[in-house]
*Asks:* 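Before I ask anything, let me first share the structure, which is written out below as structure tokens.
Chain naming here is simple, since letters A, B, ... match the order of the sequence lines and numbering starts at 1 in each.
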There are 2 protein chains.
Amino acid sequence: MLIRLLNLLANAVDKPELLTVLVDPNVGEAETIVRNALVQRKMLIVVGRCWVRYVGRATSKLEKGERILMVKADGSVLVHRATGYEPVNWMPSGDTVFQVGAKDDVLEIRAVRRKPAESVAVSFDMISLVFSSKLADAGEFSLHASEEDMHNALLLKPQLLEEGFKVISYEKKVEPGFVDVYGIDKTGRLVVVEVKRKTAGKDAVLQLAKYIEAVRTRTDRQVRGIIVAPSIAKGVQRMLVALGLEFKYLDPKKCAETLRKAKTKKLAEFFDEE
Amino acid sequence: MLIRLLNLLANAVDKPELLTVLVDPNVGEAETIVRNALVQRKMLIVVGRCWVRYVGRATSKLEKGERILMVKADGSVLVHRATGYEPVNWMPSGDTVFQVGAKDDVLEIRAVRRKPAESVAVSFDMISLVFSSKLADAGEFSLHASEEDMHNALLLKPQLLEEGFKVISYEKKVEPGFVDVYGIDKTGRLVVVEVKRKTAGKDAVLQLAKYIEAVRTRTDRQVRGIIVAPSIAKGVQRMLVALGLEFKYLDPKKCAETLRKAKTKKLAEFFDEE
DNA sequence: AATTAAATTTCGCCT
DNA sequence: AGGCGAAGTTTAATT
């Protein structure tokens, strides 16, 4: 009872709009928070003793036990047990409709989706935690390799560009995603490299052309310009050729592998210490 | 600050061994709970602003933002964003070692696995919730179909047994997993069916033989005995033949589909109401 | 321990 | 919207 009071107090005082936490709430209290979270598309977490029924692409039944229910802002539903990477029951985001009911001290949260037709119902008869909050998350997620990683991979293994390529210097560009590497190829020609993580577009080619132009005014050597990227936009290929530039395919993933091998040594060292 | 006091109080008073909840803790407080949870193999949930670095089978980087970290009793690690069914970062259970560090008001939780060699590090600079608890969960999870479901499917579609089969009556058995169905085949012979969800063993055959024996003393009709199951144990097939009984393959999954079609109508009705 | 196949796969990309 | 292919796939079953 003490706890419950504290909870209510906490809700009233602390970030009333942002965060709600109830410990050991009764069904009625929990129901209120759950409804609110679902309507407002907040992240919702309910921890407690529950049973689950799923009907849809398959049919399943989970007997009573303590689990964690997570309902995300996009309507994704996850029921997690004490162990196992995968949720025991779930529903991906889609055209999901939620129903919340409280009867006989049981809180039922039901999610129904039209396509594919499926429904998952979670019933709690004991609740130890209800949490709801908007999650402020604008952070970017980069897999495989960031542009910087591609850059680093090129420095680590210049032959990723071509056999005999040697790096002279490099320059990080914070501007809309470009990284330059300067070097010489096996025949002694100067090489200017522009790295792009995604498909290289017109802007990348023009940018490189501008650089090349500037470099040529300062040297009598032959100068090559190479766009390094996982792919190049359709019409841009022609422009590239017209400007006397080149394109080199480089998979960010391959760069990641190159870097990984270097870091794997660090992992090995960690275990050796242990 | 009020909240923090309340939290500590809550921990001291309410189920000290079972459940711990901190709202807006400082790094030191959170660190204590996190370490404790990891050592005691409790379910751990941390909600807060964090960034994540993963190195292993690939390489990834997640910039700062509010997410949910879940570490399970078996060492599974999940980092969930506001949307999406899948975790943005994760690590399945295995030979995982955890490291917890708190420096400069940043709490870092790092999980390292040997095979495959990979590591995921989550760093929090703002924590809104720390939750830890042992989850008591012995509930069974049954996918596809329970024995009762197979039973019901047979009643719904007797032709699942064979063409022309008709159900006369049925009897639920609570005993170690048997269900009986009585009926007549297309030639008028009496049929006794025993359903099993898993591989039918010696016990099932003997049980059925006993029933058949009893039934034959009460009728002059021909009586067939059929074991219905997804498979039959190796040596048992011979015994079955010796006793003049039969085996009918029936996949629980197929039963589930039969039942699903019936229930799909209910789903459709739900949407029509809406 | 390594390999194969299935999954309520999910997810992105392309037509 | 449907189809195809990849995934840090995971997981269970099988060799």
*Asks:* Asn89(A) and Ser60(A): side-chain donor and acceptor closer than 3.5 Å?
*Replies:*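 The answer is yes; a qualifying pair exists.
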
*Asks:* Give every residue pair that meets the side chain to side chain donor-acceptor pair (under 3.5 Å) criterion with at least one member in residues 70-80 of chain B, sequence neighbours excluded.
*Replies:*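 Output for this query lists Lys72(A)-His80(B), His80(A)-Lys72(B), Asp74(B)-Ser76(B).
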
*Asks:* Name all residues meeting the salt bridge (Lys or Arg N to Asp or Glu O under 4.0 Å) criterion together with Lys61(A); count only those two or more places apart in sequence or in a different chain, and write none if there are none.
*Replies:*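 For Lys61(A) there are no salt bridge (Lys or Arg N to Asp or Glu O under 4.0 Å) partners, ignoring immediate neighbours.
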
*Asks:* Could you list the residues that satisfy side-chain hydrogen bond (donor to acceptor under 3.5 Å, both in side chains) with Glu86(A), not counting sequence neighbours?
*Replies:*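 Partners of Glu86(A) under the side-chain hydrogen bond (donor to acceptor under 3.5 Å, both in side chains) test: none.
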
*Asks:* How would you list, by chain and number, every residue that makes a side-chain contact (heavy atoms from CB on, under 4.5 Å) with Gln159(B), sequence neighbours excluded?
*Replies:*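 Lys157(B).
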
*Asks:* Could you tell me which residues satisfy side-chain contact (heavy atoms from CB on, under 4.5 Å) with Tyr249(B), sequence neighbours excluded, listed by chain and number?
*Replies:*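 Tyr249(B) satisfies side-chain contact (heavy atoms from CB on, under 4.5 Å) with Phe247(B), Asp251(B) only.
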
*Asks:* Which two nucleotides bound the region of DNA chain D that has atoms under 4.0 Å from heavy atoms of chain A, read 5' to 3'?
*Replies:*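 So the outermost contacting nucleotides come out as dG2(D) to dT11(D).
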
*Asks:* Check the interface with nucleotides 12-15 of chain C: list each N/O to N/O pair with the protein under 3.5 Å, or write none.
*Replies:*
none

*Asks:* Distance between the P atoms of dC4(D) and dG8(D), in whole angstroms?
*Replies:* 22 Å

*Asks:* I need the residues from residues 73-91 of chain A with at least one non-hydrogen atom less than 4.0 Å from DNA chain D; give them sorted by number, or say none.
*Replies:*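 Here the set is Tyr85(A), Glu86(A).
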
*Asks:* Could you tell me whether Asp137(B) and Arg67(A) make a salt bridge, using a distance below 4.0 angstrom between a side-chain N and a carboxylate O?
*Replies:*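 Between Arg67(A) and Asp137(B) there is a salt bridge, with a charged N closer than 4.0 Å to a carboxylate O.
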
*Asks:* Might you point out which heavy atoms bring Leu160(A) and Ala153(A) nearest each other, and give the distance in Å?
*Replies:*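 The answer is CD1-O, 3.8 Å.
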
*Asks:* Quick one: which of Leu44(A), Ile109(A), Val120(A) gives a side chain to side chain contact (heavy atoms under 4.5 Å, CB included) with Val77(A)?
*Replies:* Val120(A)

*Asks:* List for me each residue that meets side-chain hydrogen bond (donor to acceptor under 3.5 Å, both in side chains) alongside Thr96(A), sequence neighbours excluded, and say none if there are none.
*Replies:*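 Once residues adjacent in sequence are excluded, Thr96(A) has no partner under the side-chain hydrogen bond (donor to acceptor under 3.5 Å, both in side chains) criterion.
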
*Asks:* Which dot-bracket notation, 5' to 3', represents the base pairing of DNA chain C when pairs are defined as Watson-Crick or G-U with both distances under 3.5 Å, crossing pairs as [ ], and inter-strand pairs as |?
*Replies:* |||||||.|||||||

*Asks:* For Glu66(A), give me all partners under side-chain contact (heavy atoms from CB on, under 4.5 Å), at least two apart in sequence or on another chain.
*Replies:*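 Glu66(A): side-chain contact (heavy atoms from CB on, under 4.5 Å) contacts with Arg49(A), Leu135(B), Ala136(B).
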
*Asks:* Of Lys115(B) and Leu143(B), whose nearest nucleotide on DNA chain C comes first from the 5' end?
*Replies:* Lys115(B)

*Asks:* Val27(A): which residues meet the side-chain contact (heavy atoms from CB on, under 4.5 Å) condition with it, sequence neighbours left out?
*Replies:* Ala102(A), Asp105(A), Leu107(A)

*Asks:* Relative to each other, are the rings of Trp90(A) and Tyr85(B) parallel, tilted or perpendicular (30° and 60° limits)?
*Replies:* tilted

